[in-house]
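Here's the structure we're looking at; comments come further down.
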Amino acid sequence: MKAELLANTQRELFCGEPTKDFTMSTPNLDTSSMDPVLWSKTLLEPAIRFPRLEEDQSADVVVVGAGFCGLNAAIHAARNGASVVLVDARTVGSGASGRNGGNSIPQFPGTMTPSDVASILGSRKARALAELVVAGSDMVFRQAAELQINCSQAQHGWMQPAHSQRSLSRVRRSFEEWQAFGAPVEWHSAADVHDLLGAAGYIGGWSNPTGGSLNPYGLALGLAKAAQKAGVRIFENTAVRRIEHANASPVLVCSEGRIKAGTVLIATGGYTDDAFAGVQRSAIPVYLYQVATKPLRPELREHIMRTMMCFSDCRKSGGFGRLDAEGRIITGGAVFALGVGQRYGVNHCRNRLKLLYPQLTDQDLAFESYWEGFCAISETKLPHVLRLGANIFSITGFSTRGVNLAHSLGRLLGEFAAGRKRLDDIPVALWERRRDVAYWYLKSHAARYAFPWFQVLDRIGLS
């Protein structure tokens, strides 16, 4: 089951910029900049910048990683009385949080169900995590409204349609388990799916109205503004080289200075480097891409995702999409390392969109944006907390569900670091010692060559 779930979830994107090991596959792309990313061009939030660390600091809580999880952890630790420093080796939101497709999905990765999660975490934590998943999208949109973050949020629901008889049984099982759980889900016939999405070829599916879409980079910037208002000291372009222990207190050593901490929370996800090797090797960094079309013609928007509902099916090579506020289709897949990855990805998306929406012409499918990056996929497809020291913790492995779960789990981590929650209140696996993915190096690189195989499985009806 694990191998099947890995293949299923590699199609749904939460992207970020690659580390040095992975730049050879796309030598002509600037993956250190947000400039190619559509969300940086459609921002409604100001693109604020924060200083580099230039002198030593101390704080009750130090958070490493300024994405959704780290920002929420920092905000909620500060709101609960802790002094907080937040550092990022790059800039706020420039990793997975600012580069993903911007869909908040109230579902586990792929067709994973609450009972699947219970077999991994046990019934108590599984139920608590499922409650976070069900409530997570509402929380994301509600928090954005409360903090007055303008991130083009549109909560019009999310759908998981079935494209084959094989996928239909899995999709139906997911629906039935969530319905029994009490989630506000609805089953759709093939005709319903076609009406709601305007897409061809689907034979059924289910939806949850709490899902939706937004500008994820704008959301990250808005959260940073809220964190600063809460008293968090934010430092960008400040890489942590190592953590030392002085009198039982962790000290983060950066090239520009040192930060003494009471508790350290590491939320770097797929951007974790060798400074935290145990975190880095506890999940697979999967290299993904996104594309955006030009805004669709008005007559097309009357039929293509006219409800603005986003969707993701079970195709292993990527069957998902959304519209942004201007009517661009955003979709993507896994980067293929052989040849020119961008050309391969663009051609794949063009063919997939023509399959779903035959009325689209080549002119309609002139993509105006392409960008790449990482998503951290855990072996269980669920996040986990790793204890690296007495007061040093990491969380990683959101496995394409970061827009939803990273907010909720970040909040709980922040409350824990401020002494308001117990560690056991965080409903994910807690690892008390390092647990590397077996053959991590091989799996990390093999993921960049698997995309054609996923396409074959889709073509012969095995997805």
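Owing to the predicted nature of the structure, the values given are computational and were not obtained by experimental measurement.
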* Side chains of Gln143 and Asn72: is there a donor and an acceptor less than 3.5 Å apart? -> yes
* **Candidate pair Ser317 and Trp453, rule side chain to side chain donor-acceptor pair (under 3.5 Å), full reasoning** => CA-CA 8 Å; Ser317 64; Trp453 173 240; over 6 Å; no
* Are the aromatic ring centres of His407 and Phe68 under 6.0 angstrom apart? -> yes
* Centroid-to-centroid, Phe374 to Tyr287, below 6.0 Å? -> yes
* Worked verdict on Ser119 versus Asp116 for side chain to side chain donor-acceptor pair (under 3.5 Å) -> CA-CA 5 Å; Ser119 70; Asp116 294 330; 5.3 Å; no
* Atom of Thr272, atom of Gln280 and distance for their closest heavy-atom approach -> O-NE2, 3.2 Å
* State, yes or no, whether a side-chain contact exists between Phe141 and Leu219 at a heavy-atom distance under 4.5 Å. => no
* Asked: Side-chain contact, heavy-atom cut-off 4.5 Å: Arg233 with Phe50?
  -> no
* Could you tell me whether Arg90 and Glu236 make a salt bridge, using a distance below 4.0 angstrom between a side-chain N and a carboxylate O? => no
* Just by modelled atom types, is the Asp195 backbone N or O under 3.5 Å from a matching donor or acceptor in the Arg306 side chain? -> yes
* **Side-chain donor or acceptor of Lys443 paired with backbone N/O of Ala438 under 3.5 Å** => yes
* Would a distance-only check, ignoring hydrogens and angles, find a side-chain to backbone donor-acceptor pair under 3.5 Å from His384 to Ala429? -> no
* Looking at Asp35 and Lys41, does any basic side-chain N land under 4.0 Å from a carboxylate oxygen? -> no
* Asked: If you round to the nearest 0.5 Å, how far is CD of Gln363 from OG1 of Thr293?
  -> 12.0 Å
* **Distance (rounded to the nearest 0.5 Å) between Asp364 CG and Arg350 CZ** => 11.0 Å
* To do: Go through the steps for Arg173 and Ser115 under the test side chain to side chain donor-acceptor pair (under 3.5 Å), then give the verdict.
  => CA-CA 10 Å; Arg173 175 173 174 256; Ser115 65; 3.2 Å; yes
* For the ring pair His348 and Phe451, is the centre-to-centre distance below 6.0 Å? -> yes
* Asked: Backbone N or O of Arg343 within a donor-acceptor pair of the Asn347 side chain at under 3.5 Å?
  -> yes
* May I ask you to check whether Gln290 and Trp371 show a side-chain donor-acceptor distance below 3.5 Å? => no
* Within the 6.0 Å centroid threshold, strictly below: Phe108 and Trp178 -> yes
* Give the ring-plane orientation class for Tyr344 versus Phe336, where under 30° counts as parallel, over 60° as perpendicular and anything between as tilted. => tilted
* Structure fact -> Rounding to 0.5 Å, atoms NE2 (His188) and OG (Ser207) come to a distance of 2.5 Å
* What distance do Asn100 atom CG and Arg401 atom CZ have between them, rounded to the nearest 0.5 Å? -> 11.0 Å
* Does Arg281 use its side chain to pair, donor to acceptor, with the backbone of Trp440 at less than 3.5 Å? -> no
* To do: Would you check if Ile105 and Asn404 make a side-chain contact, meaning some heavy-atom pair closer than 4.5 Å?
  => no
* **Trp39 six-ring face occupied by Arg99 cation (under 6.0 Å, within 45°)** => no
* Got a second to check how far Leu221's CG is from Cys151's SG, nearest 0.5 Å? -> 10.5 Å
* Asked: Would Thr210 and Gln155 satisfy side chain to side chain donor-acceptor pair (under 3.5 Å), going step by step from the backbone distance to the final call?
  -> CA-CA 6 Å; Thr210 67; Gln155 194 175 10; 5.1 Å; no
* Asked: What do you reckon, are the aromatic ring centroids of Phe311 and Phe320 less than 6.0 Å apart?
  -> no
* To do: Determine, for Asp138 against Arg142, whether the closest basic-nitrogen to carboxylate-oxygen distance falls under 4.0 angstrom.
  => no
* To do: Rounded to the nearest 0.5 Å, what's the gap from CD1 on Ile426 to CD1 on Ile395? Could you check?
  => 6.5 Å
* Report yes or no: does Ser174 contribute a side-chain atom to a donor-acceptor pair with the main-chain N or O of Arg172 at less than 3.5 Å? => no
* Asked: Looking only at atom types and distance, does a side-chain atom of Asp458 sit under 3.5 Å from a main-chain N or O of Lys316, one as donor and one as acceptor?
  -> yes
* To do: Considering non-hydrogen atoms only, spot the tightest contact between Cys314 and Ser167 and give its length.
  => CB-CB, 3.9 Å
* Do Arg170's NZ or CZ and the ring of Phe175 fall within the cation-pi criteria of under 6.0 Å and 45°? -> no
* Asked: Does Leu129 reach the side chain of Val117, with side-chain heavy atoms less than 4.5 Å apart?
  -> yes
* To do: State, yes or no, whether a side-chain contact exists between Ser152 and Asp324 at a heavy-atom distance under 4.5 Å.
  => no
* Asked: Going by heavy atoms in the side chains, are Leu38 and Thr42 under 4.5 Å from each other?
  -> yes
* **Minimum side-chain heavy-atom gap Ile304-Ile329 below 4.5 Å** => yes
* State, to 0.1 Å, how close Gln165 and Ile203 come at their nearest heavy-atom pair, and which atoms those are. => NE2-CD1, 3.6 Å
* Lys125 versus Val428: any side-chain heavy-atom pair under 4.5 Å? -> no
